[in-house]
Amino acid sequence: MKAPVRVTVTGAAGQIGYALLFRIASGDMLGADQPVILQLLDITPAMEALEGVRMELDDCAFPLLAGITCSDDPDIAFKDSDYALLVGARPRGPGMERKDLLEANAAIFSVQGKAINNHASRNIKVLVVGNPANTNALITQRNAPDIDPRNFTAMTRLDHNRAMSQLAQKTGTTVNDVTNMTIWGNHSATQYPDLFNAKVQGKTATDLIEQSWYEEDFIPTVQQRGAAIIKARGASSAASAANAAIDHMNSWALGTPEGDWVSMGIYSDGSYGIAEGLIYSFPCTCSDGDWQIVQGVSIGEFSQTKMTASETELTEERDAVAHLLG
Ligand code: NAX
């Protein structure tokens with residue numbers, strides 16, 4: 001058995017946390033041979049609820065769970081952390097403008113970035129789930145200057161998985177037949193799910209569906225799926241978001257299958273003309289615990305317009321929180 005690794009989860013007392021922690025502890029994220037120590041962070045008023053989650057984790061008697069700490073102090077929760085899933089965020093309150101939301105979250109993620117910089121493993125892999133995920137990841141990264149910017153990522157895997165299911169259902173196949181899906185850009189309504197490069201049983205997806213379905217049905221369905229779930233369930237997606245976080249970390253740590261790729265919000269190196277330093281979702285392959293942007297994906301005019309619109313939105317978000325970027 002390997003030595004345990006430390007996994008920090010923030011917002012651990014929330015609904016995504018509840019769907020996430022048990023799967024990390026059972027080995028779904030890092031494999032059945034990798035023990036984990038969970039370092040759970042939430043805010044002070046949530047400590048009692050978090051204690052209840054800890055009791056339930058204990059009661060599962062997970063063989064891979066080598067320890068649990070609960071804290072409201074980021075300096076403790078990020079100590080020597082090898083993996084961090086930043087789920088806790090400030091939700092949009094009544095009357096709150098988008099700028100207020102960005103600012104409230106920027107304050108949280110700048111504190112956590114500093115705690116990571118000061119206390120975490122130098123090789124920590126960070127996934128930001130809490131919204132606005134890409135910009136929160138940017139703020140975290142910029143406040144952790146001693147850590148490689150490649151180690152900070154944002155989650156677009158839920159959008160990726162949603163797009164795979166929608167395409168499989170439309171083409172009468174299963175998700176096992178769908179490969180090479182890409183979500184470009186921001187985890188927001190400007191995200192662009194790309195079917196020109198996606199494949200179904202090895203065939204180009206856009207050859208199998210009508211352009212009108214793609215533009216009028218598929219793209220809005222994927223972009224608005226979160227809102228549809230809130231409307232139906234009366235609460236935002238939790239189990240599927242937790243599942244996507246598990247998938248993201250699993251791909252990053254253990255690799256992607258030959259010939260396929262995944263979508264990850266990562267530090268742009270300028271590939272595809274996207275401004276360097278933005279956290280932008282690209283098609284990525286992973287191996288040896290590292291990601292690479294897939295190069296040479298074909299981009300037509302339709303794709304380019306949508307990719308640029310999402311880049312513009314991310315640039316505006318970045319500029320709105322410029323004073324907190326460290
Ligand atoms: P909940 O409100 O159920 O839980 C959030 C938890 O975070 C609470 O326990 C709260 O006390 C805690 N928290 C707040 N501020 C904190 C801080 N400074 N430090 C530590 N913990 C803190 O929300 P939940 O449904 O779990 O969603 C969490 C976040 O995920 C939200 O920002 C949500 O918008 C985002 N999502 C992101 C998705 C993605 O694809 N990237 C999809 C799902 C989800 O909507």
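Just follow the structure's listing: the first ligand is 1, and inside any ligand the first atom is 1.
- Within ligand 1, counting atoms from 1 as listed, the ones closer than 4.0 Å to a heavy atom of Ser236 are 25 (O).
- Looking only at distances, no side-chain donor or acceptor of Arg142 sits under 3.5 Å from a matching main-chain atom of Leu324.
- For the residue pair Asp269 and Ser271, a side-chain donor N or O sits within less than 3.5 Å of a side-chain acceptor on the partner.
- Taking any N or O of Gln15, backbone or side chain, at least one lies under 3.5 Å from an N or O belonging to ligand 1.
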inquiry  = side-chain contact (heavy atoms from CB on, under 4.5 Å), that's the test. Do Leu167 and Val200 meet it? Break it down for me.
reply    = CA-CA 8 Å; Leu167 180 60; Val200 181; 3.7 Å; yes
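- Under the 3.5 Å distance criterion, the side-chain polar atoms of Gln39 are matched with a main-chain donor or acceptor of Lys79.
- With respect to atom 29 (C) of ligand 1, the closest heavy atom belonging to the protein is Val87 O, 3.2 Å.
- Taking all heavy atoms of Asn134, Ile108, Val129 into account, the minimum distance to atom 41 (N) of ligand 1 is reached by Val129.
- When the heavy atoms of Ala107, Ala46, Ala89 are ranked by distance to atom 14 (C) of ligand 1, first place goes to Ala89.
- Protein heavy atom nearest atom 6 (C) of ligand 1, with residue, atom name and distance: Gly11 CA, 3.6 Å.
- With a heavy-atom cut-off of 4.0 Å, Gln112 touches ligand 1 through its side chain alone.
- When only modelled atom types and interatomic distance are considered, Thr182 and Trp261 share a side-chain donor-acceptor pair under 3.5 Å.
- The single protein non-hydrogen atom nearest to atom 5 (C) of ligand 1 is Gly14 CA, 4.2 Å, given as residue, atom name and distance.
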key: side-chain contact (heavy atoms from CB on, under 4.5 Å) between Tyr83 and Ile24, intermediate numbers included   = CA-CA 11 Å; Tyr83 297 87; Ile24 298 174; over 6 Å; no
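- Checked against a 3.5 angstrom limit, the closest N/O atoms of Ser237 and ligand 1 fall outside it.
- Side-chain atoms of Arg162 and Ser237 form a donor-acceptor pair, as typed in the model, at a separation below 3.5 Å.
- Nearest protein heavy-atom neighbour of atom 20 (C) of ligand 1: Asp42 CA, 3.7 Å.
- Both the backbone and the side chain of Ile16 come within contact range of ligand 1, each with a heavy atom under 4.0 Å.
- Asn131 ND2, 2.8 Å is the protein heavy atom nearest to atom 34 (O) of ligand 1.
- Atom 15 (N) of ligand 1 has as its closest protein heavy atom Ile43 CG2, 3.7 Å.
- Of all protein heavy atoms, the one closest to atom 43 (C) of ligand 1 is Ala241 CB, 3.5 Å.
- At a 4.0 Å heavy-atom cut-off, ligand 1 touches Leu158 through the side chain alone.
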request  = Could you please spell out the steps behind the ring-ring contact (aromatic ring centres under 6.0 Å, His included) verdict for Tyr214 and Phe302?
outcome  = CA-CA 12 Å; Tyr214 182 26; Phe302 182 83; 5.7 Å; yes
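- The closest protein non-hydrogen atom to atom 39 (C) of ligand 1 is His187 NE2, 3.1 Å.
- Gln304 and Thr308 share a side-chain donor-acceptor pair at under 3.5 Å.
- Residue Ala13 approaches ligand 1 through these ligand atoms, each under 4.0 Å from one of its heavy atoms: 9 (O).
- For the ligand labelled ligand 1, residue Ala238 lies outside the 4.0 Å heavy-atom shell.
- Among Asn134, Asn136, Asp159, Thr156, the one residue that satisfies the side-chain hydrogen bond (donor to acceptor under 3.5 Å, both in side chains) test with His187 is Asp159.
- Relative orientation of the Tyr280 and Phe282 rings is tilted, given thresholds of 30° and 60° on the angle between their planes.
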